[in-house]
Amino acid sequence: QVHLVESGGGLVQAGGSLRLSCAASGRTFSNLAAGWFRQAPGKEREFVAGIPWSSVRTYYADSVKGRFTISKDNAKGTAYLQMNSLKPEDTAVYYCAAEFYGGGNSKFEYWGQGTQVTVSS
């Protein structure tokens, strides 16, 4: 079982930056793939970014490429999503997900509770 806790959300102006964190309680991220998803009001949850357990590459939705960066610190048991050049359309609840030995772009078994990101214009 993996318990994930997100933090770092908040209100930011368009063009600003935020860094989301996802802590895996009591364990490392060394054998976990991490993913970030988001869900805006009235919309389906969508994939934002992912990183395999091996960290050999990263995956991004086209809408965030070049602006968002996913990473993980295995020793600290934390995954991150650095979000730059934020746009109002990035407003959503952001969810962290994890999967043992996952590829970073497929299914995720474990989910956090979500953190709100609001970008004002």
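Numbering of residues begins at 1 and proceeds along the displayed sequence.
- You'll find the side chain of R67 reaches within 4.5 Å of the side chain of D90, heavy atoms only.
- For the residue pair Y80/R19, the side-chain donor-acceptor check at 3.5 Å is not satisfied.
- By the 4.0 Å N-to-carboxylate-O rule, K65 lies close enough to D62 to be salt-bridged with it.
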Assess the residue pair F37 and Y95 against the criterion (ring-ring contact (aromatic ring centres under 6.0 Å, His included)); give the C-alpha distance rounded to whole Å, side-chain angles, the decisive distance to 0.1 Å, and a yes or no.
CA-CA 5 Å; F37 293 74; Y95 297 91; 8.6 Å; no

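- In this structure, the separation between CG on L18 and CE on M83 is 4.5 Å, given to the nearest 0.5 Å.
- The structure places OG1 of T118 at 13.0 Å from CD of Q13, a figure rounded to the nearest 0.5 Å.
- Checked by atom type and distance alone, the side chain of Q39 never pairs as donor or acceptor with a backbone atom of E44 at under 3.5 Å.
- Contact annotation: the side chain of Y60 never approaches that of V48 to less than 4.5 Å [non-hydrogen atoms, C-beta and beyond].
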Using the side chain to side chain contact (heavy atoms under 4.5 Å, CB included) rule, take F100 and Y110 through it: C-alpha gap first, then chi angles, then the decisive distance, then the call.
CA-CA 9 Å; F100 283 109; Y110 304 102; 3.8 Å; yes

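- If you take CG on L4 and OG on S25, they are separated by 9.0 Å, rounding to the nearest 0.5 Å.
- V117 is listed as a side-chain neighbour of L20, based on a closest heavy-atom distance under 4.5 Å.
- Judged by distance alone, the side chain of K72 and the main-chain N or O of S55 form no donor-acceptor pair under 3.5 Å.
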When you look at W36 and F68, which way does the ring-ring contact (aromatic ring centres under 6.0 Å, His included) test go after all the steps?
CA-CA 11 Å; W36 288 95; F68 291 11; 10.0 Å; no

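- Side-chain N or O atoms of E109 include none that pairs as donor or acceptor with a backbone N or O of E99 at under 3.5 Å.
- The cationic group of R57 lies under 6.0 Å from the six-membered ring centre of Y59 and within 45° of the ring axis, placing it in a cation-pi geometry.
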Decide yes or no on side chain to side chain contact (heavy atoms under 4.5 Å, CB included) for S21 and K76, but give the supporting numbers first.
CA-CA 11 Å; S21 298; K76 292 184 177 179; over 6 Å; no

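- Between the side chain of Q82 and the backbone N or O of T69 there is no donor-acceptor pair closer than 3.5 Å.
- Between the side chains of N84 and S17, a donor-acceptor pair is found at a separation under 3.5 Å.
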